[in-house]
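Please read the structure below before turning to the comments.
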Protein chains: 2
Amino acid sequence: MWLRDNCRCAQCADPVSGQKLFGILDLPAGLTVDDATDDGTDVTVRFAPDGHVSRFPRAWLLAPATPDERTEEGKQFGTGATEVAWADFRDNRTEALEALLVRGFVLLRGVPVAEGAVLDVAAEFGYVRETNYGRIFDVRVEDNATNLAFTGREVTPHTDNPYRDPVPTVQLLHCLVNAATGGDSGLVDGFAAAAALRAEDPEAFAVLTRTPVTFRYTDGDTDLSASKPLIGLDPVGRIREVRFNNRSTQPLRAPHADVIAFYAAYRTFAEIIARPAGRLDFRLGPGDCIVFDNTRMLHARTAFAESGARHLQGCYADLDAVASRRAVLARRAPLDLLAELFAGPGAADYLGESVSQAAHMLQAASLAEAAGAPDALIAAALLHDVGHFTGEISGDELMAGVDNRHSHAGADWLAAWFPPAVTEPVRLHVAAKRYLCAVEPSYRRQLSPASEYTLTVQGGPMTAPEAAAFAAQPVAADAVAVRRWDDAAKDPGTDVPDFAYFRPLLERVLRR
Amino acid sequence: MWLRDNCRCAQCADPVSGQKLFGILDLPAGLTVDDATDDGTDVTVRFAPDGHVSRFPRAWLLAPATPDERTEEGKQFGTGATEVAWADFRDNRTEALEALLVRGFVLLRGVPVAEGAVLDVAAEFGYVRETNYGRIFDVRVEDNATNLAFTGREVTPHTDNPYRDPVPTVQLLHCLVNAATGGDSGLVDGFAAAAALRAEDPEAFAVLTRTPVTFRYTDGDTDLSASKPLIGLDPVGRIREVRFNNRSTQPLRAPHADVIAFYAAYRTFAEIIARPAGRLDFRLGPGDCIVFDNTRMLHARTAFAESGARHLQGCYADLDAVASRRAVLARRAPLDLLAELFAGPGAADYLGESVSQAAHMLQAASLAEAAGAPDALIAAALLHDVGHFTGEISGDELMAGVDNRHSHAGADWLAAWFPPAVTEPVRLHVAAKRYLCAVEPSYRRQLSPASEYTLTVQGGPMTAPEAAAFAAQPVAADAVAVRRWDDAAKDPGTDVPDFAYFRPLLERVLRR
């Protein structure tokens, strides 16, 4: 059932959206595996009773569970502050997003000292979460403050808006003025504190994870409340969310013994949170903007003289969009790597040919494009020889008589980012040469001397049964097409577009 | 520790914001109760070692735990649809908010058939949750749809955006056009389905609550994923959130036995969800807008001919703001009740006096206002006699010689909505008469004949020790002030403002 529920054939998953086209009840109840074959790359399964056939890449079958990065599994503790200059933000986005997701916060420097600038910062991380405080809120001294944050009092480490569910998972605080005496900032890692509590007093930890606490905030137009434990776990017991805010905690109504246990645990947790060693102290100056995970990091402020000027602007956002942005940027990372490969090692001589390897692959891609090939096949043509760089055995060794299996090495390397429509023609482009030599005598005659040499190293022409088996594979035609462009792409006189030209196409075909 | 942590004195809780001014570590660790006295209304506690004194109303001490209305505790199953005409929405807000919170959805009729009108609807429920789909999204057939919702396919019951965390907790869908054949809507109560699963197959229920499932959505700019169980419980085991979406479910990577158990449970849950009896079918026509709890209600759509015109606009919002709005409206409910009381029974004769009871109370409030009294004391003057209407013993019985203890009955009734600064002077305004008669001979001489009569029924003048004990109470001065306005407020010739004039003042002093 698990296998079948994960079939990705065009009948089971929408080719454009990738979304599953069936529900669990659409699958026969008594499903069994009728037949399974393993070709070393894919496992092909035929199911009974309906005879549906699915192909699963071995790499997919063997993939481990991915950690839930919203839990403690995905976090680093005590690594200090990541600072990013706002002027260079676009070049350091991955670092900034990663710091927020993994370390819990990032400190931006040099954000314009202008009202509303915090919204520009928020837009780089995701979407503003509008609340009863508006899209943006001002943190400064107010008369008749309905929130102690808007006085000059000390504010001890806390998470914001625990009375809200869903709680805002990201908070931004942008400093416009901080001329007051006092008013320094502090951060405490609530996940680290919860982990310390678990290590030092497991029963107290258990009490705080199983006791819902009600938080409430009211003003003239608002009456928000939410009940959640101080330490929220995922269903397998990993720390996933911390709420801690003395100002808005409501009376606990529970059996006497539970109340006693709760207060003992609450105090122990508060003592851990209050440890100076766990607190990062800093002072926000004009233009600084701290962005932090409000499900994890407790923030604090020392008291300041209300006569002194201090003005921050804040807003809320959410972690899911932060992680999405990081994932989208990560998609682009292999393209950066490929760009470097084309510019660096790829620009060197092509083994025994009169063009560079990069020029050779760019020519192959141009020929595919001119032939009207689909994006994935143009990408396969462009990337068919990357295995020469990425495999354990170099192209030079191939030329010395050792088969470097560069087609397989390249396909395996590319599979981390590209779908089978790209990787499988790459994987079979050497087999396609051996196939064409077997079935098409004129083909072999036009091979370059270097290619004729490597043919032997790679196993020589296929036998008739091998050729028949090769041709029976659905991907054979694509592999043959890539092979023919490969062979034709060794003309030193051809002018071809550079890697940057093909980059948008690669971006389109990247595996999601 | 529990008592002390809930002290509401001005030193412990900010009088304006109501927020707690101390953290748990500010309380002495070895805290004990040194002394406690119970005057029938409040329990006064002195703590050791620091001698801090706290007063707790008995009513507060005895209050039960409030249910968490986000869990199944706060929900009603199978009650059918609540429909509200958009034109009358402002008069039916409580009903609409309540339906969404308690029944899971509300169907609005007659919303203008105009692009963007769904945002006006959302503004009545809370704040729009902006996502990668924008503030608003269009549900209609698209070429190369990245989401199957944007095709003509059937969409089986599901919750939206399970790949997001925090998931949007409210969804609105506003129909602009529905001329297609097919394209009918359906709703299934996921909480009811989960409760049925628990009843029918407890082990399957347990499996679904403890197995995190990863959901994912990707497009060119987006790569969202979240891992949550299909049935989310609060830490004490109540159903709190359902996620169910076959389209975006990712491969489960877990030990073999867990996968087997998960698929059996998943299928059983899906079978319950698919039961026709649990599905509410309806058809959205132009101007209809369905607003539903996306943590609870699964929505579905039948297939439709892509040639037919069908266009919905949707947006997301959040339940916390919905509950806040309902709570703020509920605050106003007692004022509606009081307005009716002043207009109805209050307009009748005042027992043995020449003004109506309503006119008497309005006069008392006007005198308090003229004396520059604070809001709470003006409110106490305005409401001092409500016990004549709300108590079990009527004012007529009082005049027949039975003490109706109307001051206590009124204070207890008001305490549901008003703070002690309002209720306690009301409670003691009869005692204040008995006190003044004891200590101020000239006071008794100016009592009206009716008041002189009831004095005897109410116990006559206080003894000297009683008077001393009365005067020692902090609230005595306020009670005496209310009493003097009470006595002076029986002038048939005085023109006073009506109840509506004092309503904003009452709104300000309502307990939050």
Side-chain angles (χ1 to χ4, degrees), chain A residues 1-2 6 14 16-20 22-25 64-65 68 70 127-132 144-148 156 164-166 169 209-212 218 221-224 226-227 229 234-236 246-249 251-254 259 263 266-267 270-271 274 318 320-321 324 327-328 512, chain B residues 1-2 6 14 16-20 22-25 64-65 68 70 127-132 144-148 156 164-166 169 209-212 218 221-224 226-227 229 234-236 246-249 251-254 259 263 266-267 270-271 274 318 320-321 324 327-328 512:
Chain A
M1 193 63 79
W2 177 82
N6 289 301
D14 186 75
V16 176
S17 68
Q19 294 189 325
K20 202 172 286 186
F22 61 91
I24 192 71
L25 299 182
D68 180 353
R70 285 286 281 275
Y127 304 94
V128 170
R129 177 92 78 85
E130 187 176 355
T131 70
N132 53 299
N144 291 311
T146 56
N147 192 311
L148 297 180
T156 52
R164 212 183 286 284
D165 180 23
T169 52
T209 64
R210 71 176 177 234
T211 309
T218 63
D221 304 318
T222 311
D223 194 336
L224 287 161
S227 297
D234 80 353
V236 294
N246 65 298
R247 282 172 287 153
S248 53
T249 309
L252 179 65
R253 305 265 180 197
V259 172
Y263 270 96
Y266 180 31
R267 191 175 193 96
E271 282 165 352
D318 281 307
D320 50 2
S324 172
V328 170
R512 289 174 192 155
Chain B
M1 192 63 80
W2 177 80
N6 289 301
D14 185 75
V16 176
S17 67
Q19 293 189 325
K20 202 171 286 187
F22 61 90
I24 192 71
L25 298 183
D68 180 354
R70 284 287 281 274
Y127 305 94
V128 170
R129 177 93 77 86
E130 188 176 355
T131 70
N132 53 299
N144 290 310
T146 56
N147 192 311
L148 297 180
T156 53
R164 213 183 286 283
D165 179 25
T169 52
T209 64
R210 72 176 178 235
T211 309
T218 63
D221 305 317
T222 311
D223 194 336
L224 288 160
S227 297
D234 80 352
V236 295
N246 66 297
R247 283 173 286 152
S248 53
T249 308
L252 180 65
R253 305 267 180 195
V259 172
Y263 270 96
Y266 179 33
R267 191 176 194 95
E271 283 166 353
D318 281 306
D320 50 2
S324 172
V328 170
R512 288 174 192 154

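Just so it is clear: chains get the letters A, B, ... in the order the sequence lines come, proteins before strands, and each one is counted from 1.
- Taken to the nearest 0.5 Å, the OG1 atom of A/T249 stands 10.0 Å off from the CD atom of B/Q19.
- Here the CG-CG distance, from B/N246 to A/L25, works out to 9.5 Å after rounding to the nearest 0.5 Å.
- Between the side chain of B/E130 and the backbone N or O of A/Y127 there is no donor-acceptor pair closer than 3.5 Å.
- Residue A/R70 touches chain B through its side chain alone, counting heavy-atom pairs closer than 4.5 Å.
- Of the two parts of A/R164, the backbone and the side chain both hold a non-hydrogen atom closer than 4.5 Å to a non-hydrogen atom of chain B.
- Using a 4.5 Å cut-off between heavy atoms, A/A270 contacts chain B through both its backbone and its side chain.
- Heavy atoms of A/N132 lying under 4.5 Å from chain B belong to its backbone as well as its side chain.
- Contact count versus chain B (heavy atoms, under 4.5 Å) is highest, among A/D68, A/D221, A/T131, for A/T131.
- Highest contact tally toward chain B, considering only A/P212, A/S248, A/A65, A/P166, is held by A/P166 [criterion: heavy-atom pairs under 4.5 Å].
- The two residues B/R267 and A/I24 make their nearest non-hydrogen contact at NH1-O, 3.3 Å.
- When the candidates A/A321, A/A254, A/P251 are compared by the number of heavy-atom contacts under 4.5 Å with chain B, A/P251 comes out ahead.
- If you measure heavy-atom distances from B/N6 to chain A, the contacts under 4.5 Å come from the side chain alone.
- With hydrogens and angles disregarded, no donor-acceptor distance shorter than 3.5 Å links the side chain of A/D223 to the backbone of B/V328.
- Each of B/K20, B/R129, B/M1, B/R253 has some count of heavy-atom pairs under 4.5 Å with chain A, and the biggest count is that of B/R253.
- Most heavy-atom pairs under 4.5 Å with chain A: of the set B/D165, B/D234, B/D14, B/L224, this distinction falls to B/D165.
- Side-chain contact between B/V236 and A/R210: absent, with no pair of heavy atoms (C-beta onward) separated by less than 4.5 Å.
- Contact of A/T169 with chain B is made through the side chain alone, with heavy-atom distances under 4.5 Å.
- Among B/V259, B/V128, B/T211, B/L252, the residue with the largest count of heavy-atom pairs under 4.5 Å with chain A is B/L252.
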